[in-house]
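Take a look at the structure set out below.
Heads up: numbering here begins at 1 and tracks the sequence.
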Amino acid sequence: MAESADRKGIWKSVIVSVLAIELLGAASGWLSNSGYGNSWFDALQKPSFMPPGWIFGVVWPVLYALLGISLGIVLAEPPSSRRQVGLTFFFIQLVLNFSWSPIFFAGHDIQLAKIVIFVMAAAAAVAAGQFLRLRGAAGLLMAPYLAWLIFAATLNATIEQLNPGAGTSLLG
């Protein structure tokens, strides 16, 4: 009976986490007019390895769902210092994730967005490592996200290189 209650608790955490991350991620993208169709972004030079726009519309919901499942699993774990560290870094990277589109697409700050995505990837890696030690599946579920962040950071850096002086920069 206790195992059934534990599973019910995990599923509740997972469902709430997935829905929250999906909604916040979609809101971040929508409110910042992210992706193709943004006239500023459309005018930028893109690298040859830039995927078509529809790929982002497929990849991000899947990644957000995996993050939500991972988070839900860890939230269902008993409190511990490892859980606290993992959750802290998870939420740091998540805030950075939700701020990246407004910085890049709405703020046109390619340089700051690049710094944000590098810090986001580092924080996500720490979170994934802590999650892996808590519940292996929770950490492994973050692996596709980490791979995509490395790819996205490469895109960001290459777009910056191809478009010197494009956009604004709070960094001077």
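In this structure, His108 NE2 and Leu44 CG are separated by 8.5 Å, a value rounded to the nearest 0.5 Å. Between the OG atom in Ser99 and the CG atom in Leu94 there is a gap of 9.5 Å [rounded to 0.5 Å]. Distance CG/Leu24 to CG/Leu31: 10.5 Å, rounded to 0.5 Å. Atom CE of Met50 sits about 10.0 Å away from atom OG1 of Thr158, to the nearest 0.5 Å. Rounding to the nearest 0.5 angstrom, the gap separating the CE atom in Met142 from the CG atom in Leu66 is 10.0 Å. Going from atom CD1 of Ile117 over to atom CG of Leu96 covers 10.0 Å, rounded to the nearest 0.5 Å.
Side chains of Ser80 and Gln84: a donor-acceptor N/O pair is absent below 3.5 angstrom, by distance only.
Cation-pi check for Lys114 over Phe104 is not met; the charged atom does not lie both under 6.0 angstrom from the ring centroid and within 45 degrees of its normal.
When all heavy atoms of Ser28 and Ser101 are compared, the pair lying nearest together is OG-CB, 3.9 Å. Residues Pro47 and Leu162 share a closest heavy-atom pair of N-CD1, 3.5 Å. The two atoms that bring Leu149 and Ala121 nearest to each other are CD1-CA, 3.8 Å, heavy atoms only.
The backbone N or O of Phe90 lies less than 3.5 Å from a partner atom in the side chain of Gln93, making a donor-acceptor pair. In this structure, the side chain of Asn163 engages the main chain of Ile159 through a donor-acceptor pair within 3.5 Å.
Between Trp54 and Tyr36, the distance from one ring center to the other does not fall under 6.0 angstrom.
For the side chain to side chain contact (heavy atoms under 4.5 Å, CB included) criterion with Leu19, the lone passing option out of Val16, Ile21, Ile15 is Ile15. Screening Leu71, Val74, Leu63, Ile69 for a side chain to side chain contact (heavy atoms under 4.5 Å, CB included) involving Leu141 leaves a single residue, Ile69.
Summarising the local packing, CZ of Phe89 is surrounded by 12 or fewer heavy atoms from other residues, nucleotides or ligands at distances under 6.0 Å.
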- Could you check Trp40 against Asn33 for side chain to side chain donor-acceptor pair (under 3.5 Å), going step by step and ending with a plain yes or no? CA-CA 10 Å; Trp40 172 79; Asn33 189 26; over 6 Å; no
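In this pair, Trp148 and Phe56 present their aromatic rings perpendicular. The plane angle is above 60°, beyond the 30 to 60° band.
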